[in-house]
Amino acid sequence: MSDAPSNPSRRRLLWAGGGLGALIAGGALLRPGDHGGAHTPYFLTLQAALAEAGLYRPTLVIDKARLDSNIGKLTQHINGNFDYRIVGKSLPSLPLINTVRAQTGTDRVMVFHQPFLNLLARDMPDARLLLGKPMPVKMAQRFYEFHPADSAFQPDRQLQWLIEGPERLQEYRQLAQALQQPMRINLELDVGLHRGGFTDARDVAKAIEVLQADPLLSFSGFMGYEAHVSKMPGIVGGPPKALEAAMGFYRDCVAAAQDVLKDAFDPATLTLNAGGSSTYQMYQPQMFGGPAPCNELATGSALVMPTDFDVPSLNDHVPAAFIATPVIKALDKTQIPGLEGAAGLLSAWDANTARTFFTYGGYWKSRPESPAGLQTNSLFGRSTNQEMLNGSESVQLKRDDFVFLRPSQSEFVFLQFGDIAVFDGEHISEVWPVFQQGA
C-alpha cells in the first residue's frame, strides 16, 4: 500500500521538495532572487493619506494628477481630428465621467448596462449615449419603462441602440411599433474582432433599407470595435495590417450607407465610432492613403491604466488607479496546513516566500504593486476574505500598513469598493460614488 499523501497540493509540494533540495544543494542558477523591498515615497504618501482619512478597508484610489495627465495625453493625441466618446463601463462613476467631460469637452458616453443607461439618462440628461453592446430587447423595453416621460433626456434624439444583425433589428422594430417610440439605430460591424456584428457590406445596406422604410426607426451610424488590433503578432502583419483591414471593411460599409442614403447621406450627422484604449493613438486623419472612415474614437481604460493596458501604444500614459487594503496579520514565516514541515525548504529555495501577510479582503482582478516582491500562494489558495500574500524578509510591512495593488481592469473592479477615494498628492480630498448595479 502506498503511503503517498492523498492531497494533490501536498503531493505536488513533496514531489517538488525532493527536486528543490537537490537544486538548493547544487546551487542551481534558477533559484529566485530576493525581490522584496519597502514602499516607495509615493506609496508612503498615499498610505499616510489613507490613514489620515481613516480608510482602513479595501479602497479604490484614483490619483487625480495622474488622471489629469492621461486626459491631457488623450486630448493631445486626438488633437481635434475626431470626436471623443467616454467608455462608461471603464469609468463607472458620475463624478469621474464629469471630470473627463469637463477636460475633453465631450458630451458623448458609451454605455454597456441597462441600469447605468437609466442612471445616466436621469443624472446626465445632456449626454449623448451610444450602447456599446447589443441589448436584449426586453432590457431595451425596461429602459423605457423606467425612464420618466417628463425627463430632460430625450431618447429619440440622444440615445443610439446597437444592433448586430437582422434578427435583433426585427425585434427592435417590433418594440418601436409596440411603444410607438422613435429609435435611433447604430449598426455593429465585425471589423476583425469576430465577436459578432455585420460581416458583409451588402447586409449592412439591407439593414439600412429596413431602417429607412420604418418611420419610427432611423440609421445613426456604425460602431467597429477592434481590440484585437494591438495584439496581432508580426507574423501576420502586426497591428498596422490588422488596422488597415479593419478600416477597409469599415470604408466598405460607409460606402454601402452612402449608396442607400444617396443625397441624404451626411457623415457629419452620423456616429461613425471606432477605436479603444489600446488603439486610439493609431488613428490619424489620413490613414493608409485616405481619410479615416470613422469620425469618433472611444476610450476609457487608458485614462486610469489598469494592467491589461500596459501596452506599447500607451507608453505615455501612467497608472492612476490603485486598490489599497490594510495588512491585518503579518507573520514571520509561511505555513501551509498539513505541510508545516516543508516551510523551511520552500523559503530556502525562494526567499520571497519567507513571510506571510494576510490582507483585508482580496482575490480582486489585480496584481500587487507596492511594496515590491509580494506574491500570492497557489498552494494556500486565494481568498476574498483574507488574502495570503508572501514576501521575503526584505519586505517592510507590518500590521495596519497598506498593500497597494493595480487592478487588471477598471470595468466591474471599480464597483467592488464603494466610493472612490480621490488622492490629490497629499490627502484624500474627495470621494466619488460609483454606479449602482440595480434597477
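Note that the coordinates shown come from a computational prediction; the quantities given were computed from them, not determined experimentally.
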Side chains of H77 and D316, heavy atoms from C-beta outward: is any pair under 4.5 Å?
yes
Could you work out, with side-chain contact (heavy atoms from CB on, under 4.5 Å) as the rule, every residue matching Q158, not counting sequence neighbours?
F153, Q154
Do I420 and T59 touch side chain to side chain, with heavy atoms closer than 4.5 Å?
no
Hey, is CD on Q436 packed in by over 12 heavy atoms from elsewhere, all under 6.0 Å?
no
What do you reckon, is NZ of K206 surrounded by more than 12 foreign heavy atoms closer than 6.0 Å?
no
Sequence neighbours left out, what passes side-chain contact (heavy atoms from CB on, under 4.5 Å) with A140? Give chain and number order.
W161, Y172, L175
Taking salt bridge (charged side-chain N to carboxylate O under 4.0 Å, His left out) as the definition, give me every residue that meets it alongside R251, ordered by chain and number, with sequence neighbours left out.
none
For D259, which residues count as a salt bridge (charged side-chain N to carboxylate O under 4.0 Å, His left out) partner, sequence neighbours excluded?
none
Non-neighbouring partners of R202 that pass salt bridge (charged side-chain N to carboxylate O under 4.0 Å, His left out), sequence neighbours left out:
D200
Rounded to the nearest 0.5 Å, how far apart are CZ of R184 and CG of L162?
13.0 Å
Checking side chain to side chain contact (heavy atoms under 4.5 Å, CB included) against H39, which of T45, L397, V403 comes through?
L397
Please report, to 0.1 Å, the donor-acceptor pairs under 3.5 Å made by any side chain of residues 357-364, with sequence neighbours excluded.
{"residue": "T359", "atom": "OG1", "partner": "G361", "partner atom": "O", "Å": "2.7"}

Does the side chain of L50 come within less than 4.5 Å of Y56's, by heavy atoms?
no
Considering all heavy atoms, the nearest T75-T104 contact
OG1-CG2, 4.0 Å
Can you find a side-chain donor-acceptor pair between Q375 and H35 that sits under 3.5 Å?
no
Of all residues at least two apart in sequence or in a different chain, which pass the side-chain contact (heavy atoms from CB on, under 4.5 Å) check with L270?
F219, F265, L272
If you apply the rule ring pair (Phe, Tyr, Trp, His ring centres under 6.0 Å), what do you find for F414 with F435, and how did you get there?
CA-CA 9 Å; F414 275 28; F435 290 167; over 10 Å; no
Between the side chain of N315 and the main-chain N/O of P312, is any donor-acceptor distance below 3.5 Å?
yes
Contacts satisfying salt bridge (Lys or Arg N to Asp or Glu O under 4.0 Å) that involve residues 213-237 (not counting sequence neighbours) are R173-D214
What residues form a side chain to side chain donor-acceptor pair (under 3.5 Å) with S93, not counting sequence neighbours?
none
Not counting sequence neighbours, which residues clear side-chain contact (heavy atoms from CB on, under 4.5 Å) with S230? List them please.
S278, T279
Tell me, please, which residues at least two apart from D126 pass salt bridge (charged side-chain N to carboxylate O under 4.0 Å, His left out).
R101
Quick check: does any side chain N or O of H317 sit under 3.5 Å from a backbone N or O of A302, one acting as donor and the other as acceptor?
yes
Between Q103 and D68, is any side-chain donor less than 3.5 angstrom from a side-chain acceptor?
yes
Give a yes/no verdict on a cation-pi contact between K89 and F112, requiring under 6.0 Å between NZ or CZ and the six-membered ring centre and an angle within 45° of the axis.
yes
Polar side-chain atom of T106 near backbone of R108 as donor-acceptor pair, under 3.5 Å
yes
Looking at R85 and D107, does any basic side-chain N land under 4.0 Å from a carboxylate oxygen?
no
State, to 0.1 Å, how close A201 and D252 come at their nearest heavy-atom pair, and which atoms those are.
CB-O, 3.9 Å
Full working for ring pair (Phe, Tyr, Trp, His ring centres under 6.0 Å) between F402 and F43
CA-CA 9 Å; F402 284 80; F43 285 106; over 10 Å; no
N/O donor-acceptor pair under 3.5 Å between N295 side chain and F82 backbone
no
Checking side chain to side chain contact (heavy atoms under 4.5 Å, CB included) for the pair T356/L389: CA distance, chi angles, key distance, verdict?
CA-CA 6 Å; T356 291; L389 294 175; over 6 Å; no
Would you check if there is a donor-acceptor pair between the side chains of K73 and Q281 at a distance under 3.5 Å?
no
Do T334 and N390 meet the criterion of a side-chain donor-acceptor pair at a distance under 3.5 Å?
yes
So that I can tick it off, tell me whether K365 and D308 are bridged by a salt bridge, with the cut-off set at under 4.0 angstrom between side-chain N and carboxylate O.
no
Considering only residues two or more places apart or on different chains, which pairs with a residue in residues 268-277 satisfy side chain to side chain donor-acceptor pair (under 3.5 Å)?
Q160-T271, N273-E296
